[in-house]
Amino acid sequence: MAVKIINENCKGCELCVKACPFDAITMEHKTAVIQPGCTQCGNCIEVCKFDAIEKSEEAAQTFDREAYRCVWVFAEQREGKLMPAVAELLGEGRKLADELNTELCAVVLGHEISDLASELIGYGAEKVYIGDHQELDTYRTDAYTKVIGEAISAYKPEIVLLGATHIGRDLGPCLAVKADTGLTADCTRLEIGDEERNLHQTRPAFGGNLMATILCPHSRPQMATVRPGVMEAAVFDPQRQGTVIPLEVNFQKGDIRTKVLETVKSIKEQVSLSDADIIVSGGSGLGSGEGFALLEEFAKKLGGVVGASRAAVDAGWIDHSHLIGQTGSTVRPSIYFACGISGAIQHLAGMDGSDYIVAINKDAHAPIFQVADYGLIGDLYEIIPCIMEELDRSHE
């Protein structure tokens with residue numbers, strides 16, 4: 001632990017117990033005891049009147065930093081196809097690996113997926129660790145955690161990156177526990193910030209009202225899930241060469257506690273905001289949920305998809321899967337239409353990487369116009385039908 005109790009100085013006053021916001025200090029035989037929930041915040045040190053609590057030098061580095069090298073990317077695949085977030089992770093991983101002067105590696109699990117190795121190498125992976133087994137055909141937490149956890153223990157990567165997808169958000173914490181290290185979730189920026197090779201992991205905090213930068217200086221590997229759509233994707237080059245390393249996969253009875261009986265795909269239309277080239281988004285300026293019918297018609301004519309601001313989602317006008325912003329999807333389309341969206345900073349963080357932003361709003365002073373490439377001031381219910389009429393004419 002990073003906080004140490006000096007037993008001979010402790011008077012059992014319990015000031016530290018009351019000061020700890022994490023209930024990580026208890027009293028045993030009238031002496032304070034630090035519990036595993038301690039976050040090293042230092043509140044207890046400040047309130048102690050008897051110099052009975054201090055930062056422990058024993059908490060300094062307890063691992064061999066030099067033994068950990070390489071940047072690993074978890075290459076999520078489904079039905080033999082890599083997910084779009086993988087190229088983004090490899091693009092960001094390449095930057096980190098170059099700065100650390102180390103190798104960029106990918107790890108992929110599945111069944112009969114050997115062809116994915118060349119694809120990952122084409123996206124920049126210098127080494128591909130591949131686990132091929134029938135039990136890995138469909139994602140299950142136990143199976144993936146065991147195989148990748150054992151690989152991390154054997155090969156000791158310095159950094160492990162996963163996409164903040166449904167699978168990544170489930171797998172990441174399990175791997176972190178197995179490796180006895182930390183995990184920063186839903187990162188929007190990564191950078192190497194000091195000579196100790198610490199990864200500075202930045203993510204939204206407190207509902208997106210501020211950005212927190214988190215470090216993991218006392219353990220390795222440094223692990224993070226990265227929000228899809230934030231990082232620039234790696235460029236594929238079929239001429240790249242790399243090494244493929246098979247992982248040993250052995251499962252004993254009881255290793256996998258779940259069984260996949262059937263895979264049922266939803267018949268509900270899926271929203272793929274992160275891959276969309278054109279997005280038409282609506283906000284509170286629509287006035288009601290009925291306004292999204294117009295936006296859906298507009299998006300269909302453009303070959304795009306519909307997005308939404310937090311205000312529209314919270315009002316129940318559209319499903320949460322359409323949400324764009326710090327607490328939703330981050331997108332980089334070629335054209336982004338912001339219809340009736342004021343331009344709150346939380347929303348801008350999710351779409352300001354768009355190539356072109358077109359804002360439609362009655363309020364000429366709306367913040368959205370400060371980032372828009374083109375601004376149309378007026379009633380969206382009059383402007384959008386006019387644009388659609390022009391589109392129809394152009395196709396006649």
Side-chain angles (χ1 to χ4, degrees), residues 62-64 66-83 85-86 89-90 93 97 102-183 216 219-225 241-263:
T62 58
F63 63 95
D64 181 5
E66 296 301 318
Y68 291 83
R69 286 294 181 267
C70 301
V71 175
W72 276 24
V73 165
F74 168 61
E76 180 182 337
Q77 63 83 23
R78 299 184 190 180
E79 298 182 342
K81 294 182 180 180
L82 294 176
M83 294 294 97
V86 175
L89 291 174
L90 287 169
T102 191
E103 292 179 314
L104 174 63
C105 308
V107 57
V108 59
L109 304 187
H111 183 48
E112 297 180 349
I113 54 166
S114 56
D115 58 320
L116 293 182
S118 59
E119 188 174 352
L120 290 166
I121 291 171
Y123 278 114
E126 295 165 81
K127 290 181 180 177
V128 176
Y129 296 90
I130 185 166
D132 197 320
H133 194 281
Q134 189 171 359
E135 293 286 4
L136 300 172
D137 189 35
T138 303
Y139 172 78
R140 281 177 290 173
T141 308
D142 289 340
Y144 273 52
T145 299
K146 183 179 189 297
V147 175
I148 299 178
E150 290 176 352
I152 289 174
S153 178
Y155 294 101
K156 292 181 167 50
E158 186 170 7
I159 293 171
V160 177
L161 304 178
L162 305 91
T165 61
H166 294 300
I167 288 178
R169 288 174 175 173
D170 177 69
L171 178 61
C174 297
L175 291 176
V177 170
K178 192 173 182 67
D180 194 22
T181 190
L183 171 76
C216 184
S219 62
R220 290 292 185 271
Q222 302 167 96
M223 295 184 60
T225 61
Q241 300 294 314
T243 304
V244 179
I245 303 173
L247 295 176
E248 184 176 346
V249 182
N250 291 309
F251 294 113
Q252 304 297 323
K253 185 177 180 181
D255 284 345
I256 304 175
R257 296 168 292 176
T258 57
K259 181 183 292 185
V260 178
L261 300 178
E262 183 182 6
T263 301

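Index from 1, following the sequence. What's counted below: heavy atoms across the whole structure, side chains too, no hydrogens, waters or symmetry copies.
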request  = Evaluate the side-chain proximity of Tyr155 to Leu247: yes if any heavy-atom separation is below 4.5 Å, no if none is.
outcome  = yes
key: Test item: Leu183 and Thr181 side chains (from C-beta on) under 4.5 Å apart, heavy atoms   = no
key: Qualifying residue for side-chain contact (heavy atoms from CB on, under 4.5 Å) with Val108, from Leu136, Leu116, Ile148   = Leu116
ask   = Do Ile167 and Phe74 have side chains that get closer than 4.5 Å, going by heavy atoms?
value = yes
task = Starting at CZ of Arg78, measure out to OG1 of Thr263 and round the result to the nearest 0.5 Å.
result = 11.5 Å
key: Aromatic plane relationship, Tyr129 with Trp72 - under 30° parallel, 30 to 60° tilted, over 60° perpendicular   = tilted
remark   = Sorted by chain and number, sequence neighbours left out, side-chain contact (heavy atoms from CB on, under 4.5 Å) with Thr141 holds for Tyr139, Thr145, Asp170, Cys174
query = Would Glu76 and Thr165 count as having a side-chain donor-acceptor pair, cut-off 3.5 Å?
reply = yes
request  = Taking side-chain hydrogen bond (donor to acceptor under 3.5 Å, both in side chains) as the test, write out the residues that go with Asn250, two or more places apart.
outcome  = Glu248
ask   = Should Met223 and Leu162 count as side-chain neighbours, where that means a heavy-atom distance under 4.5 Å?
value = yes
Set of side-chain contact (heavy atoms from CB on, under 4.5 Å) partners for Ala67, sequence neighbours left out = Asp64, Lys156
query = Taking only residues two or more places apart in sequence, or in another chain, which ones meet Val244 in a side-chain contact (heavy atoms from CB on, under 4.5 Å)?
reply = Ala117, Ile121, Ile130
request  = Report the residues that fulfil side-chain contact (heavy atoms from CB on, under 4.5 Å) with Asp132, sequence neighbours left out, ordered by chain and then residue number.
outcome  = His111, Ile113
key: Listed once per pair and sorted, the salt bridge (Lys or Arg N to Asp or Glu O under 4.0 Å) pairs that draw on residues 112-130, sequence neighbours left out   = Arg94-Glu126, Glu103-Lys127
ask   = Under 4.5 Å between any side-chain heavy atoms of Asp142 and Asp255, yes or no?
value = no
inquiry  = Contact between Phe251 and Val147 at the side-chain level, heavy atoms closer than 4.5 Å - yes or no?
reply    = yes
